[in-house]
Every structure is written in structure tokens, then in C-alpha cells.
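Beneath this line is the structure, given in C-alpha cells, with notes to follow.
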Amino acid sequence: MKVVIIGGGWAGCAAAISAKKAGADVYLYERTDLLLGVGNVGGIMRNNGRYTAAEELINMGAGEFISIMDSIAIHKNINFSGHKHAWLCDVSKAEPLVREFLIDSGINITFKSRATGVQKVSDKIKNIQFADKSIVEADAFIETTGSTGSMDNCTKYGNGCAMCVLRCPTFGMRVSLSSKAGIKDIQGEREGGVPGAISGSCELPRECLSEEILNDLDTKGVVLLPVPKEDINMNKLGQKVCQQYALKEYAENVILLDTGHIKLMTSYYPLEKLRKIKGLEKARYIDPYSGGIGNSVRYLVATPRNNFMQVLGIDNMFCAGEKSGFFVGHTEGRCYKQQLLD
Ligand SMILES: Cc1cc2nc3c(=O)[nH]c(=O)nc-3n(C[C@H](O)[C@H](O)[C@H](O)COP(=O)(O)OP(=O)(O)OC[C@H]3O[C@@H](n4cnc5c(N)ncnc54)[C@H](O)[C@@H]3O)c2cc1C
């Protein structure tokens, strides 16, 4: 069986391995030049219920990516607001390891390949079309294009394109292929009925922090710096993707985590205000580049599906990751691979 996967984020990579293990010839198409999509930022693993999920994946024979992330964990079993026994992994090291693993496993990967349309014959997808006009046929298709973008949506439902890791201006925007096949997307909404939600963290380069903060991060993994009273903004919490972590501590403090780059646990924070805080006088953002103003808007769409991850109404199309439901993480994206395998 030939299986084509569209979207090389965590979910697409996980689906690729599962399909390969099930004996398929697997072809993965990714619109950018990197695997892992928004998984190139983040890095909090094994916190709360994700610990159980990670162990379950390992015990069910699907622990490859858990092992890769465990191998680049910098801090283990740390606690901070809303997060118990978290592992902080160096996301800047993940992509090359995952890429090598997929290639060694015999997955065919094509980069800079953006799917733009589908041809459907009765209830089956016949082929997928790409921006360069090429066409690919397969027996089954798995859509793992995430729930982010386009840039227009980041502007309409966020604070504008904040120049995030997805790099839409360079590689073109996400396309909902299930919707191209005539299946109506489910729209995610945040407080007030506004579509989508704003990603919940930014990244700073280590070099811009004071030595004192860096030492603290090296030893403890996490640092809390109180936000000056006049700068506390509770309203931002309601806009954030990760509502389970939208706690007031995240508005009252700047919370920094050591995940290789330094993860700042807020959707965005004006640069001039960030620089008022002791030790952050030289701060700047590296993801998204305009983190002082905004962040990527996610949860815009999911696909209606059954519990075999089959897109409702299409016999040979499946989905995984954020495209298959409004959940939030690296681990969750990979858990669904086990269901695909089943
Ligand atoms: C700032 C930030 C911080 C985060 N922090 C954490 C964290 O600490 N811990 C955690 O567990 N989770 C975190 N997450 C969430 C986690 O990264 C995501 O939930 C998960 O990686 C989603 O994976 P996915 O494969 O479903 O989607 P995506 O990563 O969005 O992948 C979709 C892929 O599809 C590609 N694509 C889209 N359209 C097309 C097309 N038409 N043709 C070809 N390719 C296409 C995209 O380029 C992308 O590579 C964070 C997310 C963000 C944005």
C-alpha cells in the first residue's frame, strides 16, 4: 500500500513511522525545509498526564520520538505553575535527529512541497496536487497540516503575522486538504467566539539574558520574575491556546524555562516592558521574531473524524495532530499515531 502524508510536523512524522511499521510505502510531503512544524519551538515534555502518555507510547511500541526527546532533555522533573514533573528538552536539537531517524527508517521525504488541492472520485481521494503543479496518487492519504495560519488569519484573529517558525511568507500557507475535498472544517474558538487561539510562548536567545538569570536557569531550569504592577495584563490569558495553563501566575510573572533557547511563557510581551525587568535589559525575540506584539494563531480548524482517525465522508483520508482535534502538544500529536497504526 502506498501512503502519502501531507505535513511533516510531529503528527506527520509519527504517522509516517506508524504507516511504515504497518508495511506501507510511505511518502511524506512538507511545505518548508524543516520537519517538526511548530514542534521546533516548545520543549516541555512529560508534564502532568503527558508522563503517562509517554510511558504508554513506549509500552505500546511507539516510543521512538519519546526516546529522541528524552535523549535531549536538559532538565528533568521540575515543577512550576500548572506543570508537575516536567522535562525540558532542547528543541533546537530535535529536528536533525528526527529527520535522520525517518530517513533511516525508509520514509521518502520531499521538502518545499506544498499541497494545494485534491481530486476526489466519489468518496475517495484520487490524488493530491502541489503548488509546483505536480500530482501524487496513493492508496491512502493522511492529512497532518496542523491548525495554524494562514497569515491573513494571524492578522484577522491575532495581532498580525509575528514571523513565527512556520515562515508562511517564504513557503506559502497551510491548506486544509479535507476542506478542499468538500468536508466542512470544525472551527476552533476562544473566549468571545473569536476564531483560533494565540500560541502561548515565545523564545529568547540565551545570550541576551543576564549572567545571574542564566545561572539560575542552568541549575533550576525555571526562573520567575515578577511583572511590574502597572504591566500586568490578565486579558491576554483568555486569548492563549493552552487554557489549562492560563493561570494568573503567568500574567503576574515572567516565567522563563531553559529549553535550549529560553522559553518565555506568554503569548507576547511588549519588548520595551520586558526590558524594564532586571536581567532582561537586552532581551529580544527569536521566535516569533515579533513576539513583542503577537504570536501564531492556532486551532483555526480541525477535521471531523472517527476514532480510527478517518476523515468523515472520505474512505481513504485520515488525519492526525492538531488537524484532528484541538489539543495542544508534542506528546498528544504523537499519541494519535498509535491509533493510526491500529
Ligand atoms: C510557541 C509554541 C510553543 C509550544 N510549546 C509546547 C511545549 O512546550 N510542549 C508541547 O508539548 N507542545 C508545545 N506546543 C504545541 C506543539 O508544538 C503542537 O501541538 C504540535 O507540535 C503540533 O503538531 P502537528 O504535527 O499537529 O502540527 P504542526 O506542527 O503545525 O505541523 C504541520 C506541518 O504541516 C506542514 N504543512 C501545512 N500545510 C501544508 C501543505 N499544504 N503542504 C505540505 N505541508 C504542509 C507545516 O509546514 C507543518 O510542518 C507549542 C506550540 C507553539 C506554537
Side-chain angles (χ1 to χ4, degrees), residues 4-16 28-50 53-54 65 69 83 86-89 91 94-95 109-118 128-132 136 142-150 162 164-168 170-177 179-180 197-203 240-242 245 257 259 261 263-268 285 287-288 291 295-302 319-337:
V4 159
I5 297 162
I6 308 295
W10 273 123
C13 293
L28 173 62
Y29 293 88
E30 164 56 39
R31 67 181 240 293
T32 71
D33 55 1
L34 279 178
L35 294 173
L36 300 191
V38 292
N40 282 296
V41 287
I44 306 173
M45 303 281 304
R46 287 183 173 271
N47 59 301
N48 308 354
R50 287 177 183 155
F65 295 141
M69 291 305 272
H83 293 67
W87 290 33
L88 303 182
C89 303
V91 270
E95 199 274 345
I109 310 174
T110 311
F111 289 99
K112 293 181 256 181
S113 212
R114 178 170 165 262
T116 50
V118 303
I128 302 255
Q129 296 124 38
F130 291 84
D132 66 1
V136 169
I142 305 174
E143 188 186 349
T144 47
T145 56
S147 66
T148 313
S150 63
C164 74
V165 71
L166 286 168
R167 300 167 292 157
C168 301
T170 309
F171 294 103
M173 299 168 225
R174 183 182 58 79
V175 172
S176 173
L177 296 171
S179 142
K180 292 270 179 196
I198 303 185
S199 293
S201 67
C202 307
E203 289 188 355
K240 183 173 156 129
V241 164
C242 328
Y245 310 131
L257 304 177
T259 55
H261 300 312
K263 181 163 165 146
L264 166 59
M265 295 293 284
T266 183
S267 298
Y268 54 92
Y285 292 96
D287 187 85
N295 211 323
S296 49
V297 174
R298 284 158 54 215
Y299 293 5
L300 285 158
V301 290
C319 60
E322 287 192 7
K323 188 72 206 293
S324 67
F326 300 118
F327 47 87
V328 289
H330 308 332
T331 311
E332 292 87 326
R334 286 176 229 151
C335 285
Y336 277 64
K337 91 170 182 175

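Counting convention: from 1, in listed order, for ligands and their atoms alike.
If you take CD1 on Ile5 and OG1 on Thr145, they are separated by 12.5 Å, rounding to the nearest 0.5 Å. Rounded to the nearest 0.5 angstrom, Ser150 OG and Leu166 CG are separated by 11.5 Å.
Only the side chain of Arg298 comes within contact range of ligand 1, with a heavy atom under 4.0 Å; no backbone atom does.
Within the 4.5 Å cutoff, no side-chain heavy atoms of Lys240 are placed close to those of Ser201. For the pair Met69 and Val91, the minimum side-chain heavy-atom distance is below 4.5 Å. Inter-residue side-chain proximity for Ile142 and Val4 is flagged as unmet; no heavy-atom pair is nearer than 4.5 Å.
Which of Ser199, Gly12, Ala115 comes nearest to atom 41 (N) of ligand 1 through a heavy atom is settled by distance: it is Ala115. Between the choices Val38, Leu34, Val175, the shortest heavy-atom distance to atom 28 (P) of ligand 1 belongs to Val38.
Ionic pairing of Glu143 and Lys323 is present here: one or more N-O contacts between side-chain nitrogen and carboxylate oxygen are shorter than 4.0 angstrom.
Near Thr144, meaning under 4.0 Å from any of its heavy atoms, are these atoms of ligand 1: 32 (C), 33 (C), 34 (O). Atom numbering of ligand 1 starts at 1 in the shown order; those under 4.0 Å from a heavy atom of Arg50 are 9 (N), 10 (C), 11 (O). In summary, the atoms of ligand 1 found under 4.0 Å from a heavy atom of Ser201, numbered by their order in the structure, are 1 (C), 2 (C), 3 (C). Atoms of ligand 1 lying under 4.0 Å from at least one heavy atom of Gly321, given by number and element, are 26 (O). Residue contact check: Leu36 has heavy atoms under 4.0 Å from atoms 29 (O) of ligand 1. Of all atoms in ligand 1, listed by their number and element, those nearer than 4.0 Å to a heavy atom of Glu322 are 18 (C), 19 (O), 22 (C), 26 (O). Proximity to Thr32 (heavy-atom distance under 4.0 Å) selects the following atoms of ligand 1: 47 (O). Near Gly42, with a cut-off below 4.0 Å to any heavy atom, the atoms of ligand 1 are 3 (C), 4 (C), 5 (N), 6 (C), 7 (C), 8 (O).
Formation of a donor-acceptor pair under 3.5 Å by the Arg31 side chain with backbone atoms of Val175 is not found in this model.
Checked against salt bridge (Lys or Arg N to Asp or Glu O under 4.0 Å), Arg174 has no partners two or more places apart in sequence or in another chain. Under the rule for a side chain to side chain donor-acceptor pair (under 3.5 Å), the partners of Ser199 that lie at least two apart in sequence or sit in another chain are Ser296, Arg298.
Look at Ser113 and you'll find a heavy atom under 4.0 Å from some atom of ligand 1. Within the structure, ligand 1 has Lys263 among the residues with a heavy atom less than 4.0 angstrom away.
Between the side chains of Asn47 and Tyr245, at least one donor N or O lies within less than 3.5 Å of an accepting N or O.
At a 3.5 angstrom cut-off on N or O pairs, Glu30 counts as close to ligand 1. Taking any N or O of Ser147, backbone or side chain, none lies under 3.5 Å from an N or O belonging to ligand 1. Of the polar atoms of Ala11, at least one N or O is found under 3.5 Å from an N or O of ligand 1, judged by distance alone. Checked against a 3.5 angstrom limit, the closest N/O atoms of Ile44 and ligand 1 fall inside it. The shortest N or O to N or O distance between Ile6 and ligand 1 is not under 3.5 Å. Any N or O atom pair closer than 3.5 Å counts here, and Arg114 shares no such pair with ligand 1.
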**Request:** Kindly determine whether Thr32 and Glu30 satisfy side-chain hydrogen bond (donor to acceptor under 3.5 Å, both in side chains), including the steps that lead there.
**Result:** CA-CA 6 Å; Thr32 71; Glu30 164 56 39; 2.8 Å; yes
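Listed here is the closest heavy atom pair of Asp287 and Val165: OD1-N, 2.9 Å.
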